[in-house]
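Accompanying notes for the structure given below.
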2 protein chains.
Amino acid sequence: MNVEKIIKTEKQIPLASRTLIHLSLVESKINEIMTTALKPHGVSLQQFNVLRILRGQKGRPANLSTLNERMVTKMSNTTRLVDKLILKGYVDRMVCPSNRRKVEINITVQGETALTEMDFAMKEAEEKLLKNFTVEDLTTLNALLDKF
Amino acid sequence: MNVEKIIKTEKQIPLASRTLIHLSLVESKINEIMTTALKPHGVSLQQFNVLRILRGQKGRPANLSTLNERMVTKMSNTTRLVDKLILKGYVDRMVCPSNRRKVEINITVQGETALTEMDFAMKEAEEKLLKNFTVEDLTTLNALLDKF
DNA sequence: TTACAACAATTGTATATACAAATGTATGAT
DNA sequence: ATCATACATTTGTATATACAATTGTTGTAA
């Protein structure tokens, strides 16, 4: 990925700004490839994310604030995101009996099945994105990102 | 930045997935800090981006497709983005006389003045984001990001 | 027990983004 | 000159996201 070529500029960009632009471009690419991989499955990246969190719950229901905490990119309307997943039949939601302010959200069998198919597509996307990286590269990259 | 702490998971994430999640989290942080820095100036990050491109044109007008090419995150409605900047008085737009399909977009004096103020805020945001990085860190990070 | 603050989710509204279709203009072949 | 095509932007529509206000519920201090 050549930053200058992508944003079509000849003049050289200061190192600090270049780094931040670089990160934005990489994130755009990740996003685009993952979104494309999920498109045939009819879910957004955020929705996929929520399904994965629910699967990780292993039967224990999650409430909205739990989902919100665990999502990679926190978005300010988990209610409506869950609405969409309900429409697709991938999750269900019911009022929490012990505390009626909360809701209990579970992944359905149909949701688990769909998620398994999405896993393949996402695995491919991941490999496509990281094909140029060695394990050492990834370790170094993670260490550097920790400085943020 | 501790990935596991942020997304509140105990189990360890495979290196490849962790890297991609890490990048998303970092990008979210960059976005949030920059958006916050621009908020008092009443422009979005994308709008700021366009103003900067126009300043870089040094008087030569830009048309929409040029802007689109040079934007960091290409978005699919530059027309409306420019509309907003016109409303604020930061740019003007006129039909290109030599090719009436195109438009010529220029930054106004008012836009340049506003942009200068934004530069300070953005400089601060940049320093805040990168305070833990040495020049060598940034060089390594850029080299790794090039592998995408 | 009542009144009040804190909590959890939902709803309303504005803005942002993605994508396709439509508009108006220029170019080239016949 | 006419027609078909390509080009550049705009418009329409659906969906996504941000943020504030609202609803309903719970816990607690007086």
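For the pair B/Met75 CE and D/dT15 P, the interatomic distance rounds to 19 Å; values are reported in whole Å. Rounded to a whole Å, the CG atom of B/Leu45 is 14 Å from the C1' atom of C/dT17. Across the protein-nucleic acid pair, A/Leu81 atom CG and D/dT17 atom C1' stand 11 Å apart, rounded to whole Å. Here the C1' atom of nucleotide D/dT25 and the CG atom of A/Asn63 are 14 Å apart, to the nearest Å. As a whole-Å value, the separation of A/Glu69 CD from C/dC7 P is 13 Å. Here the C1' atom of nucleotide C/dA16 and the CG atom of B/Asn49 are 15 Å apart, to the nearest Å. Taking atom CG of residue A/Leu67 and atom P of nucleotide C/dT10, one finds them 11 Å apart after rounding to whole Å. Separating the CD atom of B/Gln46 from the P atom of D/dA16 is a distance of 18 Å, rounded to the nearest angstrom.
Where A/Asn99 and A/Ser76 meet DNA chain D, the nucleotide closest to each residue was compared, and A/Ser76 sits on the side nearer the 5' end. For the pair B/Asn77 and A/Leu64, nearest-nucleotide mapping onto DNA chain C gives the more 5' position to A/Leu64.
Rounding to the nearest 0.5 Å gives a distance of 9.5 Å between CZ of B/Phe148 and CD1 of A/Ile33. Annotation: the span from A/Glu32 atom CD to A/Glu27 atom CD amounts to 11.5 Å, rounded to 0.5 Å. Here the straight-line distance linking atom CG of B/Leu115 with atom CD1 of B/Ile107 works out to 5.0 Å at 0.5 Å rounding.
Evaluation of atom-type donor-acceptor distances gives a pair under 3.5 Å for the side chain of A/Arg80 against the base of C/dG12.
In summary, A/Arg55 and A/Asp119 engage in a salt bridge, as defined by a charged side-chain N under 4.0 Å from a carboxylate O.
Regarding contacts with the backbone of C/dA26, every side-chain N or O of B/Arg101 stays at 4.0 angstrom or more from both OP1 and OP2. For A/Lys39 and C/dC19, the shortest distance from a side-chain N or O to OP1 or OP2 is below 4.0 Å. OP1 or OP2 of C/dA16 has at least one side-chain nitrogen or oxygen of B/Lys84 nearer than 4.0 Å. For A/Arg93, a side-chain nitrogen or oxygen approaches OP1 or OP2 of C/dT10 to under 4.0 Å.
For B/Gln47, the listed nucleotide lying nearest its side chain is C/dA16; candidates were C/dA16, D/dT9, D/dT26. Side-chain proximity of B/Arg100 to C/dA26, D/dT9, D/dA18: nearest is C/dA26.
Across all strands shown, A/Thr79 has heavy atoms under 4.0 Å from base atoms, whether or not it also approaches the sugar-phosphate.
Heavy-atom contacts from other residues, nucleotides or ligands closer than 6.0 Å to CD of A/Glu124 number 12 or fewer.
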